[in-house]
Amino acid sequence: MSNREIIKITDLKRDFVVGGETVHALRGVSFSIHAGEFVTIMGTSGSGKSTLLNTLGCLDTPSSGEYLLDGVSVRSMSKNERARLRNRKIGFVFQNYNLLPKTTSVENVELPLLYNSEIGAKERRQRAIDALNAVGLEGRLYHKSNQMSGGQQQRVAIARALVNDPVIILADEATGNLDTRTSMSVLVLFQELHRRGRTIIFVTHNPELAAFSSRNIVLRDGRIISDTLNQSPASASDMLASMPADDK
Amino acid sequence: MNLVNLLKIAFKALNRNKLRMALTMLGIIIGIAAVICMLAIGQGSKESIKAQISEMGSNMIMIHPGNMQRGGVRQSADDMQSLKVADYEALRDRTVYLSAVSPMVQSSGQIVVGNNNWPSSISGVTPEYMDIRKLAVEDGEMFTEADIKSAAKVCLVGKTVADNLFTNGENPIGRVIRFGKIPLTVIGVLQSKGTNSMGMDQDDVVIAPYTTVMKRILAVDYLGSIFASALSEETTDEAIGEITALLRQAHRLNDDADDDFDIRSQQELSEMMNSTSDMMTVLLTCIAFISLIVGGIGIMNMMYVSVTERTREIGLRMSIGARGIDIMLQFLIESIIISVAGGVIGVIVGCGATWAVGVLAGWPVSIVASSIFLSFAVCTVTGIFFGWVPAVKASNLDPIEAIRYE
């Protein structure tokens with residue numbers, strides 16, 4: 001596995017002015033993430049983890065500090081350049097899936113590629129099908145989003161995040177809306193993707209999830225208070241197997 | 001981002017909300033259909049007026065005696081005797097803008113054949129009158145110059161007169177009718193022209209050589225009026241100028257004296273009637289355009305609701321790489337699709353409604369081709385105009401807030 005530096009942030013600060021008062025959401029955060037890491041970023045609400053996620057996702061720009069994504073400086077980019085960067089290098093997974101309603105899985109997954117004019121209709125469809133296969137939804141290609149369970153919808157969302165072959169997948173409370181068992185199966189999928197070499201950042205407030213990642217960063221009041229490597233992450237699939245079977 | 005993809009995105013988005021799209025379209029459909037229908041009705045009535053006027057002779061110029069004073073007392077036109085045969089001859093021989101000139105002396109009275117009688121009027125004219133009034137002989141023949149010279153006791157009768165005098169359907173030609181005490185031989189029957197736009201029966205006429213009417217019936221030496229025909233509709237004004245100059249000279253009027261005759265042209269009549277129907281068309285079209293604007297506001301309303309309702313979708317699209325302009329174009333294309341599709345359906349509905357008006361109400365209608373093109377232009381403009389503000393609003397959303405919008 002290459003040791004490429006995917007993300008490098010140095011002394012990242014982000015201030016908001018709310019009602020005349022300046023709020024310091026991030027007060028100088030520095031870390032780098034290398035290819036193939038599965039990082040959980042934790043913190044209570046108000047810790048600045050959402051702001052960090054927005055910044056890492058190129059949705060927001062820092063007030064000061066440097067952010068290099070895959071070697072490219074994001075800070076000086078225009079809105080449209082950042083949009084392009086998101087389209088090519090980042091895959092988002094959200095807590096509430098954010099699938100288009102009344103739209104088939106394949107069409108939902110194709111969406112990021114529609115905003116990439118270099119990819120033709122045929123390749124688009126093939127890559128969407130491949131991505132859905134990768135998340136184990138080969139049998140649900142033409143199901144509409146409202147005909148699927150929460151777990152399945154989140155799998156479609158993960159497939160959508162994979163379809164543009166991003167350098168990093170950003171998951172924002174990706175299991176937050178799911179029950180324990182389904183959460184675990186989604187975690188199995190993330191671990192599976194990690195094993196296949198994907199770089200994943202998983203933002204959550206749930207401390208239990210740290211056990212499944214290879215690295216855990218904890219934020220409090222806009223600063224990193226701990227950054228620990230996890231040499232032997234717990235296996236989500238073992239955990240899932242040990243859980244009592246559904247209902248009955 | 002290419003246009004094909006944008007179109008796909010917009011179509012898919014609209015497809016998710018068919019009912020709403022259809023309802024929004026309805027406003028545009030009604031607006032466009034109304035515009036087309038109103039313009040068709042306006043154009044139809046204009047054309048029918050035009051047809052009626054040209055039936056009467058579109059280049060026709062009428063010269064009546066007028067504005068005559070006798071010791072300070074103004075005279076009614078019937079009593080005036082200012083138009084003479086010499087005037088007619090001058091107009092006939094010394095003008096360039098007139099294609100035909102005919103004097104006109106009219107007398108009304110009872111026409112008798114055997115034990116049938118019918119009240120009508122007899123018009124003394126020359127054969128050129130036929131060209132001026134667009135009359136034609138259906139059966140028999142027209143009188144000749146020789147008949148005029150000899151004041152021959154011949155006449156032609158209109159359909160109404162023939163039908164009322166010869167009730168058993170006998171052929172009137174060769175029969176002798178009596179106008180007052182004067183017997184006249186019928187040498188022809190005029191082709192029917194029906195009623196004119198004022199509702200007057202144009203077939204209730206008898207025409208005879210003007211000399212016959214002047215000398216044998218009325219015993220007068222002046223003309224009732226003179227009918228002329230300009231070379232074309234465009235030269236009517238020149239013709240009127242020429243007639244005026246000639247008659248002033250013939251009547252030896254001083255420069256400061258008023259004309260003792262009165263010239264009217266069919267053109268004035270047609271302009272007057274057209275202006276009435278134009279006004280109606282403008283009025284109806286205004287109403288129709290108002291409904292189109294209301295339809296456009298419907299689009300704007302719907303797009304606004306749509307932008308608010310789809311805030312999360314917009315946030316998502318932005319977070320996966322849609323630029324502001326992609327979002328704006330998507331919403332703009334959606335509103336254009338709605339308005340243009342509404343326009344197409346509106347054109348079809350409008351043509352159908354026009355046809356229904358023509359058939360059911362029996363109104364003259366004529367679909368104006370330009371109104372269809374106009375409708376398409378208006379639709380696209382409506383779509384862009386009313387879709388613009390919501391589209392800009394959508395494109396300016398902050399993706400961070402939009403994606404978490406509840």
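Naming: A, B, ... by sequence-line order, numbering from 1 per chain.
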Contact origin within [X] toward chain B - heavy atom pairs under 4.5 Å:
X         : result
Arg160(A) : side chain
Asn164(A) : neither
Leu170(A) : neither
Glu110(A) : side chain

Give a yes or no on this: more than 12 heavy atoms of other residues, nucleotides or ligands lie within 6.0 Å of atom [atom1] of [X].
X         : atom1 : result
Arg20(B)  : CZ    : yes
Tyr304(B) : OH    : yes
Leu68(A)  : CG    : yes
Lys144(A) : NZ    : no
Arg404(B) : CZ    : yes
Met280(B) : CE    : no
Phe16(A)  : CZ    : yes

Heavy-atom proximity to chain A below 4.5 Å, by part of [X]:
X         : value
Arg310(B) : neither
Glu401(B) : neither
Ile403(B) : both

_Under a 3.5 Å distance rule, please check whether Asn87(A) uses its side chain to pair with a backbone N or O of Ile320(B) as donor and acceptor._
yes
*If contact means a heavy atom pair closer than 4.5 Å, which residues of residues 97-106 of chain A contact chain B?*
Asn98(A), Leu100(A), Pro101(A), Lys102(A), Thr103(A)
Find the distance between [atom1] ([X]) and [atom2] ([Y]) and round it off to the nearest 0.5 Å.
X         : Y         : atom1 : atom2 : result
Ser319(B) : Arg82(A)  : OG    : CZ    : 13.0 Å
Ser117(A) : Leu3(B)   : OG    : CG    : 11.5 Å
Asn80(A)  : Ile325(B) : CG    : CD1   : 8.0 Å

Exercise: identify the closest heavy-atom pair between [X] and [Y]:
X         : Y         : result
Ala121(A) : Lys8(B)   : CB-NZ, 4.0 Å
Ala83(A)  : Ala322(B) : CB-O, 4.0 Å
Pro399(B) : Leu59(A)  : CB-CD2, 3.8 Å

*asked:* Just so I understand: if I count every heavy-atom pair under 4.5 Å between each of Arg88(A), Arg86(A), Glu107(A) and chain B, which residue has the most?
replied: Arg86(A)
*Report the C-alpha distance between Tyr115(A) and Asn5(B) in whole Å, list the side-chain angles of each, state the deciding distance to 0.1 Å, and finish with yes or no for side-chain contact (heavy atoms from CB on, under 4.5 Å).*
CA-CA 7 Å; Tyr115(A) 291 99; Asn5(B) 285 0; over 6 Å; no
